[in-house]
Number of protein chains: 2
Amino acid sequence: MATASGGAPMNRLGFLLAVRGAITDARVRSALGVTGLSPRHAMTLMYLDDAGPVSQQKLAELLAVDPSQLVAILNDLERDELARRRRDPADRRRHIVEITSAGATTLQITSTALTRCEDELFADLTQNERELLSGLLNRIRTADGQYNC
Amino acid sequence: MATASGGAPMNRLGFLLAVRGAITDARVRSALGVTGLSPRHAMTLMYLDDAGPVSQQKLAELLAVDPSQLVAILNDLERDELARRRRDPADRRRHIVEITSAGATTLQITSTALTRCEDELFADLTQNERELLSGLLNRIRTADGQYNC
DNA sequence: TATTGTTATACTCTATAACTATA
DNA sequence: TATAGTTATAGAGTATAACAATA
């Protein structure tokens, strides 16, 4: 046996990474569920909190999502008053997006949940090893150098 | 700024791993596309090649997929004559699944494509670093100690 | 009554193309 | 004519519950 494949699937780094990533995604998703936010919602709030008010176009670029997908995310966030859109007076085609104070509060709760989730996932790794993992992941060659999400 | 979130999303190891995993999954999927196999199809062939004939139940366990999902995978593989099901004479409820020689050939092509894909993704990592990454990923705590896919 | 495999269904996430309004 | 954002639609992938055949 084991003639053609080069062994079991999980000897393949590509598969291993994809699978562990999917498990992590599911866990993160479930952890964020306490606030009803998806990872993309949470990432959006994080960017808004981190970078301040930006246009939707710029935000879509940061998140590496299609502008049309960002619309739905912002609709949700705005409905829950976690973020706010306003027209750019200088160019009325543009929306300027910003986080609200309720958004910042929710982000903090999210952040706590995320930290607990990570501490479970990476419980067997030291802080050093987590940083090592982070560094290695950041050196994977993506098609566009973007993050996606 | 940057008050509530603890920085941009990609400072979060959970998000980073989920996102890099998704990118890797997409690349692997596209690379495997040359044979028309999905990652799960390919993993199935790998397990069959590696472990020899097994029951569907056992195979579902190895792949960590629901038995009902394995049905569709095996239907595809059997249609293309890459794998074969036969009744277990000892217990006619059981199917014994095995890879065909055409399946082994396809697996080899798949394997080559996968290697090339991995070499692109991990081009900036040395062999040592790839093994390091693999080791770290294997020490992530999954809910059930299973691989999923 | 329990187990093996199957069918049918529905849901989540995402990708894409066509549309509206402003410039 | 080009750009910013929006709407509508379709697709892939997956999860789940009910079902049939055999033990």
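Quick caveat, the model's predicted, so the values are computed rather than measured.
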Nucleotide nearest A:Pro67 when distance is taken to its side chain, options D:dT6, C:dT16, D:dT3
D:dT6
Have a look at A:Asp66 and say if it touches a base, only the backbone sugar-phosphate, or nothing, with a 4.0 Å heavy-atom cut-off.
base
In chain order, what residues pass the salt bridge (Lys or Arg N to Asp or Glu O under 4.0 Å) check against B:Arg93, with sequence neighbours excluded?
B:Asp91
Looking only at the side chain of B:Arg92 (C-beta and beyond, no hydrogens), which of the listed nucleotides D:dT6, C:dG5, D:dT22 gets closest?
D:dT22
Any side-chain donor paired with an acceptor under 3.5 Å for A:Arg27 and B:Thr142?
no
For A:Glu78, salt bridge (Lys or Arg N to Asp or Glu O under 4.0 Å) partners two or more places apart
A:Arg85
Of A:Leu70 and B:Asp88, the one whose closest DNA chain D nucleotide lies more 5'
A:Leu70
Could you check B:His95 against A:Asp91 and say which one's nearest nucleotide on DNA chain C is further toward the 5' end?
B:His95
Which nucleotide wins on minimum distance to the side chain of A:Ser68, given the candidates C:dA17, C:dT3, D:dA4?
C:dA17
B:Arg85 side-chain proximity, nearest of D:dA15, C:dT6, D:dT3:
C:dT6
Quick one: does A:Arg93 reach the base of D:dT3 with a side-chain donor-acceptor pair under 3.5 Å?
yes
Among C:dG5, D:dG5, C:dT14, which is the nearest nucleotide to the side chain of B:Arg94?
C:dG5
Phosphate OP1/OP2 of C:dC13 contacted by A:Arg29 side-chain N/O (<4.0 Å)
yes
Does atom CZ of B:Arg92 have more than 12 heavy-atom neighbours, drawn from other residues, nucleotides or ligands, at distances under 6.0 Å?
no
When you check the phosphate oxygens OP1 and OP2 of C:dC13, does a side-chain N or O of A:Gln69 lie under 4.0 Å from one of them?
no
Select base, sugar-phosphate, or nothing to describe what B:Arg87 touches, counting heavy atoms under 4.0 Å on all strands.
nothing
Phosphate contact (D:dA4 OP1 or OP2) by A:Gln57 side-chain N/O below 4.0 Å
yes
